[in-house]
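Read through the structure below, which is laid out as structure tokens, and then see the notes.
Residues: numbered from 1 along the sequence shown.
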Amino acid sequence: QVQLVESGGGLVQAGGSLRLSCAASGSTSSINFIGWYRQSPGLQREVVAGISSGGSTIYADFVKGRFTISRDNAKNTVYLQMNNLKAEDTGVYYCYVHSGGYPQPVSEYWGQGTQVTVSS
């Protein structure tokens, strides 16, 4: 079992920055991948960025060059540094965890979400 606590959302003006945090606890040794997803008003949830246990990263095209995902293994925490924010970045951001793998059972977890609002 993995528990996720998200923080760092808030209200910021366009061009500003925020840093989101996702702190994992529980069976963290089994985590393979942690990602950030967002759900904008009226849109489906979509991947923003992710990082694997090996350090490989992925980014959605609409955030490349602006967002950076990183991790602190000692704290079991993943960060999403968001720079040059745009109004269209507004949405609820969710932390996602994929854990396990053969022969261990595979599990998925979602955080509660944190609101990011960018005003223009």
>> So if I apply the side chain to side chain contact (heavy atoms under 4.5 Å, CB included) rule between Y79 and each of L20, D72, I51, I69, which one comes out positive?
In response: D72
> Nearest 0.5 Å, what's the CG-OG distance between N84 and S17?
Replying inline: 8.0 Å
>> For a quick test of reading the model, state the closest non-hydrogen atom pair linking F62 to R66 and the distance between them.
In response: O-NH2, 2.7 Å
> If you look at every heavy atom in S120 and A14, which pair is closest and at what distance?
Replying inline: CA-CB, 4.3 Å
> Which pair of heavy atoms, one from V48 and one from Y93, lies closest together, and at what distance?
Replying inline: CG2-CE2, 4.1 Å
>> Strictly distance-based, threshold 3.5 Å: is any side-chain N or O of R19 a donor or acceptor partner for the main-chain N or O of Q81?
In response: no
>> Tell me the closest heavy-atom pair linking G111 and L4, and the distance in Å.
In response: N-CD1, 3.7 Å
> Atom CD in E46, atom CD in Q39: separation rounded to 0.5 Å?
Replying inline: 9.0 Å
> Between T28 and S25, is there a donor-acceptor pair closer than 3.5 Å when you use the side chain of the first and the backbone of the second?
Replying inline: no
>> Test your reading of the model: is there a side-chain donor-acceptor pair from R38 to the backbone of T90, 3.5 Å cut-off?
In response: no
> Counting distance only, does the side-chain N/O of S107 pair as donor-acceptor with the main-chain N or O of S99 below 3.5 Å?
Replying inline: no
> NZ of K64 to CD1 of I58: how many Å apart, nearest 0.5 Å?
Replying inline: 10.0 Å
> Within 45° of the six-membered ring axis of Y37 and under 6.0 Å from that ring's centre, is NZ or CZ of R45 located there?
Replying inline: no
>> If you compare all heavy atoms of V78 against all heavy atoms of W36, which two are closest, and at what distance to 0.1 Å?
In response: CG1-NE1, 4.0 Å
> Are the side chain of Q112 and the backbone N or O of E6 linked by a donor-acceptor pair below 3.5 Å?
Replying inline: yes
>> Given F67, which partner from the list L18, D89, N83 fulfils the side chain to side chain contact (heavy atoms under 4.5 Å, CB included) test?
In response: D89
> Do the side chains of W110 and V97 get nearer than 4.5 Å, heavy atoms only?
Replying inline: no
> What distance separates S52 OG from I31 CD1, expressed to the nearest 0.5 Å?
Replying inline: 12.5 Å
> Between the main-chain N or O of S27 and the side-chain N or O of S29, is there a donor-acceptor pair closer than 3.5 Å?
Replying inline: no
